[in-house]
Amino acid sequence: QVQLVESGGGLVQAGDSLRLTCAASGLKFSNYVMGWFRQAPGQEREFVAAITYDGQASYYADSAKGRFAISRDNLKNTMSLQMSSLKPEDMAVYYCAAQYGPRWPATRRSDYDYWGQGTQVTVSS
């Protein structure tokens, strides 16, 4: 079974940093483009960042550029999102996603084949 499990969410103050991690199992991790999405209450799930199979390239939503950094470790089958200078508008459930295929950049929900359960990020003012 393919499983993606996010961790690292929590409550932080505006301006703080937080690191999210996605642990993957049941798939050949290095064959998948990986991505992060987020969904705030009453909002649609939106793209945050994506990283290629080998970690050589990344792509960010405008809201994430300059503040967030995506990375992956293909030996540990993990992917991370380092978030800095967090803002209240970053508050959302963050989801890990995996996409099998050559598409790049992968910025749409439909680009991805597997999803995690999500981890809550709360940012207080």
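Summarising the local packing, CD of Gln120 is surrounded by more than 12 heavy atoms from other residues, nucleotides or ligands at distances under 6.0 Å. For Glu44, the CD atom is loosely surrounded, since the number of other residues' heavy atoms within 6.0 Å does not exceed 12.
One finds the OG1 atom of Thr107 at 12.0 Å from the CD atom of Glu46 (value rounded to the nearest 0.5 Å). Rounded to the nearest 0.5 Å, atoms CE (Met79) and CG (Leu4) are 7.5 Å apart. Taking CD of Gln13 as the reference point, atom CG of Leu18 lies at 12.5 Å (rounded to 0.5 Å). With values rounded to the nearest 0.5 angstrom, Leu81 atom CG is found 10.5 Å from Ser58 atom OG. Interatomic distance, OG of Ser124 versus CG of Leu11, reported as 5.0 Å (0.5 Å rounding).
Partner of Arg72 under the side-chain contact (heavy atoms from CB on, under 4.5 Å) criterion, chosen from Ile51, Thr78, Asp54: Ile51.
The side-chain heavy atoms of Met91 and Arg38, taken from C-beta on, include no pair separated by under 4.5 Å. Considering only heavy atoms from C-beta on, Met34 stays 4.5 Å or farther from Gln99 through its side chain. When side chains are defined from C-beta on, Phe68 counts as touching Leu86, because their heavy atoms get closer than 4.5 Å. No side-chain heavy atom of Val121 sits under 4.5 Å from any side-chain heavy atom of Asp90. Residues Arg19 and Ser71 form a side-chain contact, since some pair of their non-hydrogen atoms from C-beta on lies under 4.5 Å apart.
A donor-acceptor pair is defined here as one N or O able to donate and one able to accept, closer than 3.5 Å; no such pair exists between the side chain of Asp16 and the backbone of Val12. Not a single donor-acceptor pair under 3.5 Å links the side chain of Arg45 to the backbone N or O of Arg109. The main-chain N or O of Gly118 is found under 3.5 Å from a side-chain atom of Glu6 such that the two form a donor-acceptor pair. With hydrogens and angles ignored, the 3.5 Å screen pairs a side-chain donor or acceptor of Thr119 with a backbone N or O of Gly9.
Taking hydrophobic clusters as Ile, Leu, Val, Met, Phe, Trp and Tyr residues chained together by side-chain heavy-atom distances below 4.5 Å, Val33 shares a cluster with Tyr59. With hydrophobic clusters built from ILVMFWY side chains whose heavy atoms lie under 4.5 angstrom apart, Tyr114 does not share a cluster with Val93.
Sorted by first and then second residue, the pairs that involve residues 14-40 and meet ring pair (Phe, Tyr, Trp, His ring centres under 6.0 Å), not counting sequence neighbours, are Tyr32-Tyr100, Phe37-Phe47, Phe37-Tyr112, Phe37-Trp115. Listed by first and then second residue, the disulfide bond (SG atoms under 2.5 Å apart) pairs involving residues 17-120 are Cys22-Cys96 (not counting sequence neighbours).
Counting all heavy atoms, side chain and backbone alike, Ala106 lies closest to Ala50 at O-CB, 3.7 Å. Ala14 and Ser125 get closest at one heavy-atom pair: CB-CA, 4.4 Å. Across Leu27 and Ala98, no two heavy atoms sit closer than the pair CD1-CB, 4.2 Å. Pairing each heavy atom of Tyr60 with each of Ala69, the nearest pair is OH-CA, 3.2 Å.
We find that Arg108 and Asp111 are not joined by a salt bridge, their nearest charged nitrogen and carboxylate oxygen being 4.0 Å or further apart.
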